[in-house]
*Asks:* 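Sharing a structure below in structure tokens format, with a few things to ask.
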2 protein chains.
Amino acid sequence: MRTHSEITIHHLATELKISASTVSRALNDNKRISENTRRIVQQKALEMGYRPNVLAANLRSRRTRTIGVVVPRIDRHFFSSAISGIEDYAWTKGFNVIISQSNDLLVKEINCVQTLYNNRVDGLIISISMQTDQDKHLRLFSDNHIPILFFDRFCPTIESDRIVVDDFNSGYKITRHLMERGCRRIAHIAGPELLNIYKARKAGYIKALESEGIAVDDRYIEVSGLTNEEGKQAFARLMSLPNPPDGVFCGNDTTALVALEYCQEHNLKVPEEVALIGFSDEPFSAVITPSLSTVRQPGFEMGFLAAQKIIHRIQNSKSVIPFEEIVLPTQLIIRASSK
Amino acid sequence: MRTHSEITIHHLATELKISASTVSRALNDNKRISENTRRIVQQKALEMGYRPNVLAANLRSRRTRTIGVVVPRIDRHFFSSAISGIEDYAWTKGFNVIISQSNDLLVKEINCVQTLYNNRVDGLIISISMQTDQDKHLRLFSDNHIPILFFDRFCPTIESDRIVVDDFNSGYKITRHLMERGCRRIAHIAGPELLNIYKARKAGYIKALESEGIAVDDRYIEVSGLTNEEGKQAFARLMSLPNPPDGVFCGNDTTALVALEYCQEHNLKVPEEVALIGFSDEPFSAVITPSLSTVRQPGFEMGFLAAQKIIHRIQNSKSVIPFEEIVLPTQLIIRASSK
DNA sequence: GTGAAAGCGCTAACAA
DNA sequence: TTGTTAGCGCTTTCAC
């Protein structure tokens, strides 16, 4: 329950015997106001403990200086880093950030997006859920000309800015590396094909095999939800093949971790008997034993850049800026698990 | 730039030849409205693609159904878990969450808090920065009777709800465990005394020593900012003492990790020559070698509970609910680094 | 159960 | 440079 004694611009106005609009202008550093009034007003505002009501200003001006963010899970390192980057940049531009998580559920994602729309955010930064196979909820934004920017996981049917990493090339590099270190039977535990990132990584894997004239063997490709359980099962299936792989490109670091556990339980030497590579460079990857080869995605930078691009678009909404896909390079980090 | 064709309750009203107030009531499931009109209105709203303008509703009703959150850093696992918990619960109650990070800087924290106030959030959940040694910015909330809830790191001079873990007892348990496994010279790398959590952990450490009649030796207590650099330096100082410790209680897991690195570089056997224990149970702690003993703090649960308590308080603002300090138990996890 | 009227606190034409 | 006026879209008395 807020007290009724909130100071408004009208209080300042009567107190200073000027009009409310002048107060408003002075407070917003409007150009057509005398330096003197500005000073007086701002001084008085401080003195009376005036707090602007952003709600009212937003309602009137039809801008909220707020960007909405939807990620699958806040507590995943890649996403929290990205959010950190978004927050940091938005901050410097006086923008607020509303964050919500879809928990990788389409229904929740739809709900998040609609809530953000209802809150009249000026733009939407989103990394879609694993289940997202429709775009109606996103059209709510694009149809109303509110900027959307996808990062990492995007929806291919919506025209918009995107910031992604070079997943294809990453998959390619990983596989080439495994081949170069002598692996002959390289398997891949892929994520759901619905997502561009997993499709691209897998395509890179296949391209690399083909570049060496190696036939793609479907038994060496497992598609899974990349949860701990599914990952472990997938890896177990691979290692139970008549000719088990001697190198496995895992869809992410956690899958590589459970693979590592499997190897320890079954006395398989890593990387001697089977080399492992993950994806994302989770904080644990560098410090486990054996340390995990992986691909670093610049989470913070992606978020920072995302905020930069969308805010630029918001602030230049009159001009027609062509949509852009920014592909950031990744870094293959070779550690003990594939040395 | 939003199109001007936004559907409002007035459009629905004229379309249905009823008043806007009736539309409003029907949409908000107000009790004194006929089941029939409610159905008709909601049907029409769907049909016309009506989207409530939350801004306008909030301005008028003086409630935003939004809670503000300030944490030191979003990308720290403990905090992102807590945020996840807050978000999950808030979600079920139709509350929004605005998240901001102080980067452990007082100035930024002040700015965050003020921005959240200006946005008229209904409540504030905060874990204060390492620098926070004043409470003026927080009084903005408490003075205006807007609920504040601290979690983990609190400001002792503000009366409010708090959700903390039992840091004192955790420090005690850690130290007792080290003693019981035979450590004779137990050191502690503590965090800044400004924060209740570090003070309490250190107090628990001292209490445990005293319980066995062991004199507290100040040279065995390092106070640091717990960054990687400071932590490593602190650990190096400890190990350079004439009588280096054979057990170290590190202020957090990352400090324990750099300590572990130091030991590997200097060929010190862990836990044989020096046992290590961290704090927080970061994701990497279970999977490094040797695995790290630590204390688990229930981040998600704390966040969930925080959201629960503050929303309850928001929704019962007329009734006087006494402030409460909820102390959650922690779990001592003994792993290889102290076995 | 429904409607009319009055704002919430602010911004932005348009005047002066 | 400043003031006047008119709302932004919604909720909420107060009537009926």
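Only this structure's heavy atoms are used, side chains among them; waters, hydrogens and symmetry mates stay out. Numbered from 1 within each chain, the chains take letters A, B, ... in sequence-line order.
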*Asks:* Round to the nearest Å and state the distance from B:Lys31 atom NZ to D:dT12 atom C1'.
*Replies:*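 Computing the B:Lys31:NZ to D:dT12:C1' distance gives 13 Å.
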
*Asks:* Could you tell me the separation between the CG atom of B:Asp122 and the CD1 atom of B:Ile314, rounded to the nearest 0.5 Å?
*Replies:*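 Those atoms lie 5.0 Å apart.
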
*Asks:* Are any of the side-chain heavy atoms of B:Val121 and B:Ile67 separated by less than 4.5 Å?
*Replies:*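 B:Val121 vs B:Ile67: side chains apart.
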
*Asks:* In whole angstrom, what separates B:Arg65's CZ from D:dC10's P?
*Replies:*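 So the two atoms are 17 Å apart, to the nearest Å.
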
*Asks:* Tell me, with the steps shown, if B:Leu124 and B:Leu138 meet side chain to side chain contact (heavy atoms under 4.5 Å, CB included).
*Replies:* CA-CA 9 Å; B:Leu124 176 70; B:Leu138 300 168; 4.2 Å; yes

*Asks:* Answer yes if the side chains of A:Glu159 and A:Ser142 hold a donor-acceptor pair under 3.5 Å, and no otherwise.
*Replies:*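 No - no donor-acceptor pair under 3.5 Å links their side chains.
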
*Asks:* Are the side chains of A:Met130 and A:Leu195 in touch, meaning some heavy atoms are under 4.5 Å apart?
*Replies:*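 Result yes, sub-4.5 Å side-chain heavy-atom pair found.
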
*Asks:* What does A:Ser34 touch in the nucleic acid at a heavy-atom separation under 4.0 angstrom: a base, only the sugar-phosphate, or nothing?
*Replies:*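 Result for A:Ser34 = sugar-phosphate.
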
*Asks:* Would you indicate whether the side-chain heavy atoms of B:Ile98 and B:Thr115 approach each other to under 4.5 Å?
*Replies:*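 No - every pair of side-chain heavy atoms lies 4.5 Å or more apart.
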
*Asks:* Can you tell me how far OH of B:Tyr50 sits from CE of B:Met48, rounded to the nearest 0.5 angstrom?
*Replies:*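 Here the rounded value is 11.0 Å.
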
*Asks:* Pick base, sugar-phosphate or nothing for B:Arg38, based on heavy-atom distances below 4.0 Å to the nucleic acid.
*Replies:*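 Contact class for B:Arg38: none.
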
*Asks:* Which angle, to the nearest 10 degrees, lies between the helix axes at the two ends of the helix from C:dG1-D:dC16 to C:dA16-D:dT1, each defined by five pairs?
*Replies:*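 The end-segment axes of the helix from C:dG1-D:dC16 to C:dA16-D:dT1 are tilted 30° relative to each other.
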
*Asks:* Closest to the A:Arg62 side chain: D:dG9, D:dT11, D:dT4?
*Replies:*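 The answer is D:dG9.
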
*Asks:* Looking at D:dC10, I'd like to know if its phosphate oxygens (OP1 or OP2) sit under 4.0 Å from a side-chain N or O belonging to B:Ser24.
*Replies:*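 Looking at the OP1 and OP2 atoms of D:dC10, neither is under 4.0 Å from any side-chain N or O of B:Ser24.
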
*Asks:* Would you kindly give the NZ-to-P distance between A:Lys17 and D:dT2, to the nearest whole Å?
*Replies:*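 Going from NZ in A:Lys17 over to P in D:dT2 covers 17 Å.
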
*Asks:* Grab the CG-P distance between B:Leu12 and D:dG9 for me, whole Å please.
*Replies:*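 So the CG-P distance, B:Leu12 to D:dG9, works out to 13 Å.
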
*Asks:* Taking any atom closer than 4.0 angstrom to a non-hydrogen atom of chain A, what span of DNA chain C does the protein reach, first nucleotide to last?
*Replies:*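 Reading along DNA chain C, I get C:dG9 to C:dC14.
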
*Asks:* Using a heavy-atom cut-off of under 4.0 Å over every strand shown, decide if B:Leu55 touches base, sugar-phosphate, or nothing.
*Replies:*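 Nothing: the residue B:Leu55, judged by heavy atoms under 4.0 Å, touches no strand.
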
*Asks:* Would you say the side chain of B:Val23 lies within less than 4.5 Å of the side chain of B:Lys44, judging by non-hydrogen atoms?
*Replies:*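 A side-chain contact is absent here, since even the closest heavy-atom pair is not under 4.5 Å.
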
*Asks:* Return whichever of B:Ser61 or B:Ser19 has its heavy-atom-nearest nucleotide of DNA chain C closer to the 5' end.
*Replies:*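 Closer to the 5' end of DNA chain C: B:Ser19.
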
*Asks:* Quick one: sort the A:Phe154 and A:Phe150 rings into parallel, tilted or perpendicular, breaks at 30° and 60°.
*Replies:*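 A:Phe154 and A:Phe150: perpendicular rings.
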
*Asks:* If you only use heavy atoms from C-beta on, which nucleotide in D:dT4, D:dC10, D:dT11 is closest to the side chain of B:Ala56?
*Replies:*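 Selected nucleotide: D:dC10.
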
*Asks:* Compare the minimum distances between each of D:dC10, D:dT1, D:dT12 and the side chain of A:Thr37, then state the nucleotide with the smallest one.
*Replies:*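 When the side chain of A:Thr37 is considered, D:dT1 is the closest of D:dC10, D:dT1, D:dT12.
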
*Asks:* Please work out if B:Leu59 contacts a base, only the sugar-phosphate, or nothing of the nucleic acid, heavy-atom cut-off 4.0 Å.
*Replies:*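 If one applies the 4.0 Å heavy-atom cut-off, B:Leu59 turns out to touch a base.
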
*Asks:* Could you state the interatomic distance from CZ (B:Phe151) to CD1 (B:Ile83), rounded to the nearest 0.5 Å?
*Replies:*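 Between atom CZ of B:Phe151 and atom CD1 of B:Ile83 there are 7.0 Å.
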
*Asks:* Using atom CZ of B:Arg60 as one end and atom P of D:dC8 as the other, report the distance to the nearest whole Å.
*Replies:*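 So the two atoms are 16 Å apart, to the nearest Å.
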
*Asks:* Would you tell me if any nitrogen or oxygen in the side chain of B:Asn28 comes within less than 4.0 Å of OP1 or OP2 on D:dT11?
*Replies:*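 Looking at the OP1 and OP2 atoms of D:dT11, one of them is under 4.0 Å from a side-chain N or O of B:Asn28.
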
*Asks:* Classify the side chain of A:Thr22 and the base of D:dT1 as holding, or not holding, a donor-acceptor pair under 3.5 Å.
*Replies:*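 Side chain to base: no pair present.
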
*Asks:* Distance check needed: D:dT12 P versus B:Arg25 CZ, whole Å only.
*Replies:*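 Taking CZ of B:Arg25 and P of D:dT12, I get 10 Å after rounding.
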
*Asks:* Do B:Arg32 and D:dT12 share a donor-acceptor pair, side chain to base, under 3.5 Å?
*Replies:*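 No.
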
*Asks:* Which whole-number value in Å describes the distance from B:Ile9 CD1 to D:dT11 P?
*Replies:*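 Going from B:Ile9 (CD1) to D:dT11 (P), I get 6 Å.
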
